Amino acid sequence: MSDRFDLSGKTALVTGASQGLGAGFARTLASAGAKVALAARQTNKLDALKSEIEAAGGIAAAVSMDVIDPASVRAAFDAAEEALGPVDVLVNNAGIAVTKPFLEMTVEDWDSVLDTNLKGCFLAGQEAARRMADRNGGSIINIASVLGQSVIGHLSSYCASKAALIQLTKSMGLELARVGVRVNALAPGYIETPINSDFFHTPAGEKLVKGIPQRQLGQSDDLDGALLLLASDASRYMTGTVVTVDGGFLVA
Ligand code: NAD
């Protein structure tokens, strides 16, 4: 493997790191050599992951961050940088979905999804980019979704948020190239995690899996290649792009 994939000496911050894909991203970045700031609203939920990374020889710190609160975002970057040094890689992973028919979607549902999935990435992305620009280098990875490029029913606010996040990624990539900051999106397809696993064993879930050309769900570690590519210097000539990892879902 090219040593351009090596993250030794770099610091990465992952939002929403307490479970699911975010916890997986943190493990993967740590195993590639990065010091990892684990960010979540409740830091006590990060204790086990921090211990696990440290037991494997890695370096991690837990920081409190609510991505929809600008003061909390700023304080989390301060805490991460104090513990681990300047943040070189931001993974904007925190995200939520409200599953409801469009006609029943409330303003509160809409705001919670757009605030977390879009405004949260703007706030953390801007905070990271300002600091990275001062050092003329950094990589921001926005976790989008295939549902930012296609739609399914009952997820209108989620699909809209992820489509907007892809456009935000392109705008940030365009503007921040001059200051050495790269911004790309990673768009997963259907990835099995503890919170969605049960659904995929229902008739509706099984039908959905049959619609994926590879006829199987992705696993968290199927995102490792794209994550390490975008986080590392191996992608030094990539910005403003979307890397999709979906078993062929989007071409079906
Ligand atoms: P998850 O619900 O397991 O994890 C989401 C994390 O975000 C949780 O730790 C949650 O606490 C955190 N979070 C929510 N609101 C937050 C806030 N205001 N501040 C800080 N943290 C907050 O979901 P997941 O499946 O691991 O998804 C992670 C990301 O990947 C999301 O952006 C999601 O849209 C995206 N994604 C997931 C899949 C999939 O199949 N699992 C597919 C495509 C995209």
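Start at 1 and go down the list; that is how both ligands and their atoms are numbered. Since the structure is predicted, the reported quantities are computational estimates derived from the model, not experimental observations.
To the nearest 0.5 angstrom, L118 atom CG is 11.5 Å from I166 atom CD1.
Listed here is the closest heavy atom pair of V98 and S112: CG2-OG, 4.2 Å. For D88 against M132, the heavy-atom pair with the smallest separation is O-CE, 3.4 Å. A pairwise comparison of heavy atoms in V245 and I191 identifies O-CD1, 4.4 Å as the closest pair.
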Before giving the answer on side-chain contact (heavy atoms from CB on, under 4.5 Å), spell out for E127 and V87 the whole-Å C-alpha distance, their side-chain angles and the decisive distance to 0.1 Å. CA-CA 10 Å; E127 189 64 40; V87 172; over 6 Å; no

Yes or no on side-chain contact (heavy atoms from CB on, under 4.5 Å) for L7 and L228, after CA distance, side-chain angles and deciding distance? CA-CA 9 Å; L7 297 176; L228 293 179; 4.0 Å; yes

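The closest approach between a heavy atom of A97 and any atom of ligand 1 is not below 4.0 Å. Using a 4.0 angstrom heavy-atom cutoff, A144 counts as in contact with ligand 1. Residue-ligand proximity: G120 is placed with every non-hydrogen atom at 4.0 Å or more from ligand 1. Proximity of N196 to ligand 1 is established by a heavy-atom distance of less than 4.0 Å.
When each atom of ligand 1 is checked for a heavy atom of G20 under 4.0 Å away, the hits are 3 (O), 26 (O). Remark: ligand 1 atoms within the under-4.0 Å shell around heavy atoms of M65 are 19 (N), 20 (C). Those atoms of ligand 1 with a heavy atom of S18 less than 4.0 angstrom away are 9 (O). Atom numbering of ligand 1 starts at 1 in the shown order; those under 4.0 Å from a heavy atom of T116 are 15 (N). Atoms of ligand 1 found under 4.0 Å from any heavy atom of S145 (numbered from 1 in listed order, with element): 43 (C), 44 (C). Heavy-atom proximity to I195, at under 4.0 Å, picks out these atoms of ligand 1: 1 (P), 2 (O), 3 (O).
Within the 4.0 Å heavy-atom criterion, neither part of A39 lies near ligand 1. Residue-level proximity to ligand 1 for E192 is absent, since no heavy atom of it falls below 4.0 angstrom. With a heavy-atom cut-off of 4.0 Å, I96 touches ligand 1 through its side chain alone.
Residues L168 and V181 fall within the same hydrophobic cluster, defined by Ile, Leu, Val, Met, Phe, Trp and Tyr side chains chained together at heavy-atom separations under 4.5 Å. Hydrophobic clustering of Ile, Leu, Val, Met, Phe, Trp and Tyr side chains at less than 4.5 Å, counting indirect connections, keeps L223 apart from Y190.
Atom 43 (C) of ligand 1 has P188 O, 3.4 Å as its closest protein atom, hydrogens excluded (heavy atom only). For atom 18 (N) of ligand 1, the nearest non-hydrogen atom of the protein is D66 OD1, 2.9 Å. In terms of protein heavy-atom proximity, atom 28 (C) of ligand 1 is closest to N93 OD1, 3.1 Å. Closest to atom 5 (C) of ligand 1 among all protein heavy atoms lies G95 O, 3.6 Å. Nearest non-hydrogen protein atom to atom 36 (N) of ligand 1 is Y158 OH, 3.7 Å. At the shortest separation from atom 21 (N) of ligand 1 among protein heavy atoms lies A94 CB, 3.6 Å. The shortest contact between atom 42 (C) of ligand 1 and any protein heavy atom is with G189 O, 3.0 Å. Nearest protein heavy-atom neighbour of atom 41 (N) of ligand 1: I191 O, 3.4 Å.
Considering backbone and side-chain N/O atoms, Y190 never comes within less than 3.5 Å of an N/O atom of ligand 1. For a threshold of 3.5 Å applied to N or O pairs, the pair formed by V67 and ligand 1 contains at least one separation below that value. Geometrically, ligand 1 and L21 share a nitrogen or oxygen pair separated by less than 3.5 Å.
In this structure, R27 and V36 have side chains that are not in contact, with every pair of non-hydrogen atoms separated by 4.5 Å or more. Side-chain contact between D47 and K50 is absent, with no heavy atoms from C-beta onward closer than 4.5 Å. Between E82 and D78 the shortest side-chain heavy-atom distance does not fall below 4.5 Å.
Each of N92, I140, T241 was scored for a side chain to side chain contact (heavy atoms under 4.5 Å, CB included) with V183, with one residue passing: I140. When each of T106, V107, V113 is tested with D109 by the rule side chain to side chain contact (heavy atoms under 4.5 Å, CB included), just one qualifies, namely T106.
Residue R135 qualifies as enclosed at atom CZ: its count of foreign heavy atoms under 6.0 Å is above 12. No more than 12 heavy atoms of other residues, nucleotides or ligands lie within 6.0 Å of CD in E175, so this atom counts as exposed by the packing criterion.
Around atom 16 (C) of ligand 1, the closest heavy atom drawn from R41, K45, Q19, Q42 belongs to R41.
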